[in-house]
Chemist: 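If you scroll down you'll find the structure; I have some questions about it.
Just so it is clear, the model here is predicted, and its values are computed rather than measured.
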Amino acid sequence: MKIGFSGRPSIRGSVATSQTTADRFTRYVSACHEMGLGCLEVPSGLVFGRGGYRQQFVAACTEASPGRVSTRCAILGVDVLVRVRPSEIPASCSDDADMSEMGYIRQLVGLYGGRLVTVPFRSVRQVRAMVDTVHPDSGAAALGFVVDWGDEQSIGNAARALREVGYGHIVPMVQLYQERGAKLDRMLLRALSVSLRENGAKSLYLCVAPELIRQGNERQRVLGAHRSLARVILRFEQETGCEVGVIFTGPSALENAQHMSGLIRDMFRARASGEPLLPRLGSTVKIRDVELGLDMEYSIVPPEEASAKTGMLSCESPVARALIGRPPGSRVEVTAPGGRVVYELLEVSE
């Protein structure tokens with residue numbers, strides 16, 4: 001799993017206006033790597049300026065620097081996506097001049113080692129027009145159509161368009177913080193599964209819509225959603241053999257990306273050390289009623305998300321408080337209306 005954000009990473013020193021595209025690309029990629037992040041979506045204007053993409057492409061083809069930048073991206077393991085502003089996308093999809101500029105953007109991104117050119121999905125005609133700007137085998141970066149995953153009609157139209165042209169990627173934009181529990185897991189799994197099926201590629205990207213990290217219960221809800229996201233994606237990667245890039249957007253994009261990256265590192269560190277996972281907020285636990293021999297599975301969630309019917313256990317409940325921090329195999333006693341109940345903690349997963 002690669003974690004990143006959409007925007008411009010802070011870099012050391014001043015950014016002179018005379019810097020070349022290769023300089024900017026290299027410094028952004030290096031800054032992203034230093035922060036421990038694996039992918040970056042950067043606006044096209046930050047690396048290429050505004051317009052004149054054909055001239056830039058011709059100039060870049062005569063330089064050796066694009067190849068060095070591409071190699072550096074590969075060495076540092078940072079995937080770069082270049083976002084095109086809606087204002088740069090022809091509304092009619094019939095202006096050949098504007099569409100040729102889109103083609104040159106794709107060729108430039110490919111030269112410098114970028115993985116995708118991302119654009120918001122609008123229509124089937126838009127997909128046809130943009131895909132036709134350059135041949136898929138020309139070395140140009142592929143197109144990634146960002147689809148609002150809350151809009152069923154757009155999802156269906158984008159999938160049909162990609163099947164028709166046989167080229168391009170669906171990049172789901174998910175509202176991670178508006179769903180909870182099992183519903184959130186199902187939404188994420190569907191977004192990943194549809195992307196894998198329609199893209200025909202083993203590298204997928206998922207955009208996470210903006211949400212500020214606040215204090216108190218709101219903060220816990222956001223951080224709990226990150227744990228759910230990590231759990232679903234890691235399981236998906238293991239089952240499918242593909243790699244997923246997660247790109248946070250909005251004003252808290254970098255903060256969210258850094259938290260998510262730290263969470264993933266902690267999970268892998270625990271696995272590598274052989275230390276057992278301990279229950280905490282966001283964990284899924286499997287427990288057994290010792291007297292009845294009944295096994296149950298719950299996700300430990302903030303109080304406002306709790307629902308016994310859907311397997312959501314409040315972190316403030318007596319059972320959760322007794323389990324949190326205990327290793328698998330532990331037995332805990334909990335006072336219930338019918339008396340004391342003994343539970344055995346069987347499994348813990350993120």
Chemist: What I'd like to find out is whether the side chain of Y205 reaches to under 4.5 Å of the side chain of K2, using heavy atoms alone.
Modeler: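 Not touching, per the 4.5 Å side-chain cut-off.
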
Chemist: Going through the distances and angles, do C39 and I247 end up as a side chain to side chain contact (heavy atoms under 4.5 Å, CB included)?
Modeler: CA-CA 7 Å; C39 53; I247 299 172; 4.0 Å; yes

Chemist: Donor-acceptor pair, distance only, cut-off 3.5 Å: does the side chain of S195 make one with the backbone of A191?
Modeler: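 Flag set: sc S195 to bb A191 pair under 3.5 Å.
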
Chemist: Where is the tightest heavy-atom contact between C315 and R321, given as atom of each residue plus distance?
Modeler: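 It is O-CG, 3.7 Å.
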
Chemist: Do you reckon L313 sits in the same ILVMFWY cluster as L345, going by side-chain contacts under 4.5 Å, direct or chained?
Modeler: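 In one cluster: yes.
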
Chemist: For the CG atom of L162 and the CG atom of L143, what is their distance to the nearest 0.5 Å?
Modeler: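 Taking CG in L162 and CG in L143, the distance rounds to 9.5 Å.
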
Chemist: Filter on salt bridge (Lys or Arg N to Asp or Glu O under 4.0 Å), then keep only pairs touching residues 152-168, sequence neighbours left out; what's left?
Modeler: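 Salt bridge (Lys or Arg N to Asp or Glu O under 4.0 Å) check on residues 152-168 returns R128-E164, E152-R190, R163-E198.
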
Chemist: Taking atom CD of Q107 and atom CE of M102, what is their separation to the nearest 0.5 Å?
Modeler: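 It comes to 11.5 Å.
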
Chemist: Would you call V285 and E347 a side-chain contact if the rule is heavy atoms closer than 4.5 Å?
Modeler: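 Result no, sub-4.5 Å side-chain heavy-atom pair not found.
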
Chemist: Does any part of the side chain of W149, heavy atoms only, come nearer than 4.5 Å to the side chain of I170, both counted from C-beta?
Modeler: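 Yes, side chains in contact.
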
Chemist: Carefully, step by step, assess V174 and C207 under the rule side chain to side chain contact (heavy atoms under 4.5 Å, CB included).
Modeler: CA-CA 6 Å; V174 299; C207 288; over 6 Å; no

Chemist: Side chains of D289 and V341: does their closest heavy-atom pair fall under 4.5 Å?
Modeler: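 Yes, close enough: below the 4.5 Å cut-off.
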
Chemist: Where does the angle between the aromatic ring planes of Y112 and F25 fall among parallel (under 30°), tilted (30 to 60°) and perpendicular (over 60°)?
Modeler: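 Parallel.
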
Chemist: I'd like to know if the side chain of S30 and the backbone of T26 have a donor-acceptor N/O pair within less than 3.5 Å.
Modeler: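 Pair found, side chain donor or acceptor close to backbone of T26.
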
Chemist: Under 4.5 Å between side-chain heavy atoms, hopping through other hydrophobics if needed: is there a path connecting L116 to L37?
Modeler: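 The answer is no; the residues belong to distinct hydrophobic clusters.
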
Chemist: Minimum heavy-atom separation for G325 and L278, please, with both atom names.
Modeler: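 Closest heavy-atom pair between G325 and L278: O-CD1, 3.7 Å.
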
Chemist: Looking only at heavy atoms, what is the nearest atom pair of L108 and A60, with distance?
Modeler: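 Smallest heavy-atom distance, with atoms named: CD2-CB, 4.1 Å.
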
Chemist: Keeping T21 on the side-chain end and F48 on the backbone end, is there a donor-acceptor pair under 3.5 Å?
Modeler: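 Side chain of T21 to backbone of F48, a donor-acceptor pair under 3.5 Å: no, none is there.
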
Chemist: Ignoring hydrogens and angles, state whether a donor on the side chain of E41 or T118 is under 3.5 Å from an acceptor on the partner side chain.
Modeler: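 The criterion, which ignores hydrogens and geometry beyond distance, is satisfied for T118 and E41.
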
Chemist: Go through the side-chain N and O atoms of D23 and T20 and say whether any donor and acceptor fall under 3.5 Å apart.
Modeler: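 Yes, side-chain donor-acceptor contact under 3.5 Å.
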
Chemist: With a 4.5 Å cut-off on side-chain heavy atoms, are M296 and K286 touching?
Modeler: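 Sidechains of M296 and K286: no contact.
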
Chemist: Can you name the closest pair of heavy atoms from R326 and P279 and give their distance?
Modeler: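 In this case the closest contact between R326 and P279 is O-CD, 2.8 Å.
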
Chemist: I need the C61 SG to L111 CG distance, nearest 0.5 Å.
Modeler: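 The SG atom of C61 sits 5.0 Å away from the CG atom of L111.
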
Chemist: With the side chain counted from C-beta on, respond yes when S228 and D185 share a heavy-atom pair under 4.5 Å apart, and no when they do not.
Modeler: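 Counting from C-beta outward, S228 and D185 do come under 4.5 Å.
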
Chemist: Rounded to the nearest 0.5 Å, how far apart are CD1 of I105 and CE of M130?
Modeler: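 Between atom CD1 of I105 and atom CE of M130 there are 9.0 Å.
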
Chemist: Checking the side chain of R227 only, and the main-chain atoms of L281 only, is there a donor and an acceptor separated by less than 3.5 Å?
Modeler: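 Yes, because the side chain of R227 sits within donor-acceptor range (under 3.5 Å) of the backbone of L281.
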
Chemist: Is a side-chain N or O of R106 found less than 3.5 angstrom from the main chain of A141, in a donor-acceptor match?
Modeler: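 Confirmed, R106 side chain pairs with A141 backbone.
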
Chemist: Looking just at side-chain N and O atoms, do R265 and S261 make a donor-acceptor pair shorter than 3.5 Å?
Modeler: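 Yes, a side-chain donor-acceptor pair sits under 3.5 Å.
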
Chemist: Just wondering, do L188 and I233 contact through their side chains at under 4.5 Å, heavy atoms?
Modeler: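 A side-chain contact is absent here, since even the closest heavy-atom pair is not under 4.5 Å.
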
Chemist: Step by step, work out the side chain to side chain contact (heavy atoms under 4.5 Å, CB included) result for M260 and L229.
Modeler: CA-CA 9 Å; M260 184 75 174; L229 177 63; 3.5 Å; yes

Chemist: Applying side-chain hydrogen bond (donor to acceptor under 3.5 Å, both in side chains) to T335 and R340, what does each step give before you reach the verdict?
Modeler: CA-CA 4 Å; T335 302; R340 298 189 71 79; 2.7 Å; yes

Chemist: With rounding to the nearest 0.5 Å, note down the distance linking CD1 in I287 to CG in L346.
Modeler: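 It comes to 8.5 Å.
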
Chemist: Do the non-hydrogen side-chain atoms of V171 and L206 ever get within less than 4.5 Å of each other?
Modeler: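 Side chain of V171 against side chain of L206, heavy atoms only: no contact under 4.5 Å found.
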
Chemist: Indicate if L76 and M35 have the same hydrophobic cluster label, given that clusters are the connected sets of ILVMFWY residues with side-chain heavy-atom separations under 4.5 angstrom.
Modeler: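 Yes, same cluster.
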
Chemist: Have R83 and S44 got a donor and an acceptor in their side chains that come within less than 3.5 Å?
Modeler: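 No, because no side-chain N or O of R83 sits under 3.5 Å from a partner of the opposite role on S44.
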
Chemist: Locate the shortest heavy-atom distance separating L46 from Y28; write the atom from each residue and the value.
Modeler: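 Here L46 and Y28 meet closest at O-OH, 4.0 Å.
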
Chemist: Quick test of your reading: applying ring-ring contact (aromatic ring centres under 6.0 Å, His included), list the pairs with at least one residue in residues 231-254, sequence neighbours left out, ordered by first then second residue.
Modeler: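 Listed by first then second residue: H226-F248.
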
Chemist: Assess the residue pair R288 and L294 against the criterion (side chain to side chain contact (heavy atoms under 4.5 Å, CB included)); give the C-alpha distance rounded to whole Å, side-chain angles, the decisive distance to 0.1 Å, and a yes or no.
Modeler: CA-CA 5 Å; R288 174 174 294 160; L294 178 63; over 6 Å; no

Chemist: With the 4.5 Å side-chain cut-off for hydrophobic clustering, are V58 and V47 part of the same group?
Modeler: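 Hydrophobic grouping puts V58 apart from V47.
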
Chemist: side-chain hydrogen bond (donor to acceptor under 3.5 Å, both in side chains) between S154 and R122: does it pass, once the steps are laid out?
Modeler: CA-CA 8 Å; S154 290; R122 285 180 177 171; over 6 Å; no

Chemist: Is there a path of hydrophobic side-chain contacts, each under 4.5 Å between heavy atoms of I, L, V, M, F, W or Y residues, that connects V348 with V290?
Modeler: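 Different clusters: V348 never reaches V290 through Ile, Leu, Val, Met, Phe, Trp or Tyr contacts under 4.5 Å.
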
Chemist: Excluding sequence neighbours, so at least two apart, what forms ring pair (Phe, Tyr, Trp, His ring centres under 6.0 Å) with F57?
Modeler: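 Y104.
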
Chemist: Mind listing the closest non-hydrogen atom pair of L192 and L204 along with its distance?
Modeler: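 Here L192 and L204 meet closest at O-CD1, 3.7 Å.
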
Chemist: Rounded at 0.5 Å granularity, tell me how far OG in S6 sits from CG in L254.
Modeler: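 Between atom OG of S6 and atom CG of L254 there are 11.5 Å.
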
